[in-house]
Number of protein chains: 2
Amino acid sequence: MAEKIKEECEKRLLPVRDALDILSGKWKLPIIVALFFGNKRFKELEREVKGITGKMLSKELKDLETNQLVKRTVLDTSPVAVEYSLTKYGKSLEKLITELYKWGEKHRKMIIGK
Amino acid sequence: MAEKIKEECEKRLLPVRDALDILSGKWKLPIIVALFFGNKRFKELEREVKGITGKMLSKELKDLETNQLVKRTVLDTSPVAVEYSLTKYGKSLEKLITELYKWGEKHRKMIIGK
DNA sequence: CAGTATCCCTCGGGATACTG
DNA sequence: CAGTATCCCGAGGGATACTG
């Protein structure tokens, strides 16, 4: 029956690893959080996601687009404007992000409270 | 008022970054998930967290101990046995992990369903 | 068993300059 | 504005051998 537990454990680990793969890296979740506050242009994101470089932002947005979490829309203005928004699928991360936020806040308080 | 949104966004980002810092890397969450299935010895963890090396496991466990998510207990058997368990604080990650699991599962289904 | 010590190498990610 | 192209560095992490 130790075997049973081990199998259960491994089954449980798989989806967690899958999620981690998609959301890995320093910037993906912060970008997504920013987009929860509304659609944004490239430069806006660059300003609001503190510390990110243009190159990283560009690369991460591509990854997120590939995984269908983010949608890229080119507006036919002049000069060109590009708008990034969360897809419905991207928005399905809301609960996860809320939990991440809540836990991070708790942790912060604990550290400061020391 | 665009200012307001921007500030809100930045405030929201901080705790998320904090949480990400603690939980960063390839192995921390998988180790924690494994420990949710019960206290485990070093070798058990090494077997159950597929792909991890001894060195990484050792290092990550130390980090988790430092951040008070995991407790290390030396049992006075011979040869020595060491048991790792989640602290109450570590267990407070349960909801977050559940969301991660649920989302990962959904994502997996979507990919396969294509 | 429960680790530590070394060596090594990939790759995530930063800085800077440039383009349509 | 919305990116690309280069160059470069250090940390994260793997393989292997060794220790109390």
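All values below come from the heavy atoms of this structure, side chains included, with hydrogens, waters and symmetry mates left out. Order of the sequence lines fixes the chain letters, A, B, ..., with proteins taken first and strands second; residue numbering starts at 1 for each chain.
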Quick one: is [X] getting a side-chain N or O under 4.0 Å of the [N] phosphate, OP1 or OP2?
X       : N     : value
A:Ser58 : D:dT4 : yes
B:Arg72 : C:dG3 : yes
A:Tyr84 : D:dC1 : no
B:Arg41 : C:dC1 : no

Between [Y] and [X], does any NZ, NE, NH1 or NH2 come within less than 4.0 Å of an OD or OE carboxylate oxygen?
X       : Y       : answer
A:Arg41 : A:Glu83 : no
B:Lys4  : B:Glu7  : no
B:Lys6  : A:Glu48 : no

(message) Tell me whether the rings of B:Phe42 and B:Tyr84 are parallel (<30°), tilted (30 to 60°) or perpendicular (>60°).
(response) tilted

(message) Side chain of B:Ala81 only, heavy atoms from C-beta on: which candidate in D:dG13, C:dG13, C:dA2 is closest?
(response) C:dA2

(message) Closest approach to the side chain of A:Trp27, judged atom by atom: which nucleotide of C:dG13, D:dA15, D:dC1 is it?
(response) C:dG13

(message) Both distances below 3.5 Å, Watson-Crick or wobble geometry, any strand: find the nucleotide opposite D:dC18.
(response) C:dG3

(message) For C:dG13, give the paired nucleotide (Watson-Crick: N1-N3 plus N6-O4 or O6-N4; G-U: N1-O2 and O6-N3; both under 3.5 Å), or none.
(response) D:dC8

Tell me: [atom1] of [X] to [atom2] of [N], nearest whole Å?
X       : N      : atom1 : atom2 : value
B:Lys26 : D:dG13 : NZ    : P     : 7 Å
B:Met56 : C:dA2  : CE    : C1'   : 16 Å
B:Leu57 : C:dC1  : CG    : C1'   : 13 Å
B:Glu46 : C:dT4  : CD    : P     : 12 Å
B:Glu60 : D:dA11 : CD    : P     : 16 Å
B:Ile52 : D:dT16 : CD1   : P     : 17 Å
A:Arg47 : D:dC1  : CZ    : C1'   : 10 Å
B:Lys62 : D:dG13 : NZ    : P     : 16 Å

(message) Give me the atom names and distance for the closest heavy-atom approach of A:Trp103 to B:Ala19.
(response) CE3-CB, 4.0 Å

(request) Give one of base, sugar-phosphate or nothing for A:Lys59, where a contact means two heavy atoms less than 4.0 Å apart. (result) nothing

(request) Tell me which of A:Val80 and A:Gly25 sits closer to the 5' end of DNA chain C, going by the nucleotide each one is nearest to. (result) A:Gly25

